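Structure first, then comments.
This structure is a prediction, so every number in the text was calculated from the model and none was measured.
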Amino acid sequence: MLSSKLQSILFTAVIFLTIGAKAQQTKIGVGVEAGFPSGNFSGISAIGTGASLKVEFQIASAFSLTATGGFMNFFGRHSQLVNIQDFTYIPVKGGLKYQLSETFYAEGQLGAALPLNNGQKTLFAWSPGLGNFFNLPGKSALDLSIRYEGWTGKNESLSFLNTSNTKGFASVRFAYVFGL
C-alpha cells in the first residue's frame, strides 16, 4: 500500500504530465545507467546497472517537465561471511529540467523506487543532476548525464548492514533521445 505522502507525490506528477501534454516539444530518451553506491549502501553493493525511459515535455524555452521510469539492479555483496541478495527496483520519477545553455541542463526529480524483491519496501526517490545533449542530424540527440540519487526508507531486513534510512548512489546515464 502506498503511503499518503507517496500518493500525493504521484498525483502531483500526473498533474504536471497532463499540463505537459499540451507542451511545445516532446522528447523521448532510452538509456542505460550505471549506479555507484555511496555511504553505508556501498557496504551492501558495489555497483548497479539498469535501463530507463524518460519523456520530456517542454513548457517554456528553458523549462521542461520530465517523467522517468526504469529498472535498476544493485548487485549484492558476497563473501564467506555474508551473502546479500541483489536489490532490484523500478524507479518512477517526475521532475523539472532547466536548460543552462543550448545543450547543458540541470534537473531535479522526485518519485518512488518500487521493489521487485521480496522483503523490500517502496522507497521515496529524489535526484538532482546535470547533463548535456549532443545533437545529431534531425531532432535526435545523445544525452549524457550524471546525478546523485537517494532512496529514502528503511528495510528492516538489512538494518544490521545499512544503518542509514537512505540508499544513496551516484549514477551515469547514456541515452539516445528521439525528438518528436
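- One distance of note links CD of Q99 with OG of S64; it measures 6.0 Å at 0.5 Å rounding.
- Here the closest heavy-atom approach between residue Q85 and residue N118 is recorded as NE2-O, 3.8 Å.
- Hydrophobic clustering (ILVMFWY, side-chain heavy atoms < 4.5 Å, transitive): L114 and F71 are in one cluster.
- How far CD1 of I44 is from CG of D86: 12.0 Å, rounded to the nearest 0.5 Å.
- For the side-chain contact (heavy atoms from CB on, under 4.5 Å) test, residues two or more places apart in sequence or in another chain that qualify with P91 are M72, E149, W151.
- Residues satisfying the side-chain contact (heavy atoms from CB on, under 4.5 Å) criterion with A106, sequence neighbours excluded, are L100, L130.
- Using a 4.5 Å heavy-atom threshold, the side chains of Y105 and D143 count as touching.
- Between A46 and R77, the shortest heavy-atom contact is CB-NH2, 3.5 Å.
- Here the CG atom belonging to L53 is positioned 6.5 Å from the CD1 atom belonging to I28, to the nearest 0.5 angstrom.
- Judged by a 6.0 Å distance limit and a 45° cone about the ring axis, K167 is not positioned over the six-membered ring of Y89.
- With sequence neighbours left out, the ring pair (Phe, Tyr, Trp, His ring centres under 6.0 Å) criterion links Y176 to F178.
- Contacts of S38 classified as side chain to side chain donor-acceptor pair (under 3.5 Å), with partners at least two apart in sequence or in another chain: none.
- Judged by distance alone, the side chain of S171 and the main-chain N or O of A34 form a donor-acceptor pair under 3.5 Å.
- Shown here are the ring pair (Phe, Tyr, Trp, His ring centres under 6.0 Å) partners of Y98, two or more places apart in sequence or in another chain: F63.
- Every residue two or more places apart in sequence or in another chain that forms a side chain to side chain donor-acceptor pair (under 3.5 Å) with N83 is listed here: H78.
- Remark: side-chain polar atoms of S45 are not paired, donor with acceptor, to backbone N or O of S42 under 3.5 angstrom.
- Annotation: salt bridge (Lys or Arg N to Asp or Glu O under 4.0 Å) contacts of E56 (sequence neighbours excluded): K97.
- Looking at residues two or more places apart in sequence or on another chain, you find a side chain to side chain donor-acceptor pair (under 3.5 Å) between T103 and N132.
- Contact annotation: the side chain of T122 approaches that of P115 to within less than 4.5 Å [non-hydrogen atoms, C-beta and beyond].
- Residues satisfying the salt bridge (Lys or Arg N to Asp or Glu O under 4.0 Å) test with E33, not counting sequence neighbours, are R147, R173.
- When every heavy atom of F133 is checked against every heavy atom of A141, the shortest pair comes out as CD2-CB, 3.9 Å.
- By the 30° and 60° cut-offs, the orientation of the rings of Y148 relative to W126 is tilted.
- With sequence neighbours excluded, no residue satisfies side chain to side chain donor-acceptor pair (under 3.5 Å) with N117.
- Separating the NZ atom in K27 from the OG atom in S140 is a distance of 10.5 Å, to the nearest 0.5 Å.
- Looking only at side-chain heavy atoms (C-beta outward), L144 and L142 stay at 4.5 Å or farther from each other.
- Between E107 and K93 there is no salt bridge, since none of the side-chain N atoms of the basic residue sits less than 4.0 Å from a carboxylate O of the acidic one.
- Among residues two or more places apart in sequence or in another chain, the ring pair (Phe, Tyr, Trp, His ring centres under 6.0 Å) test is passed with F75 by none.
- For F36, there are no ring pair (Phe, Tyr, Trp, His ring centres under 6.0 Å) partners two or more places apart in sequence or in a different chain.
- With contacts defined as side-chain heavy-atom distances shorter than 4.5 Å, the pair L96/L65 qualifies.
- Within the model, atoms CG of L110 and OG of S127 stand 8.0 Å from one another, a figure rounded to the nearest 0.5 Å.
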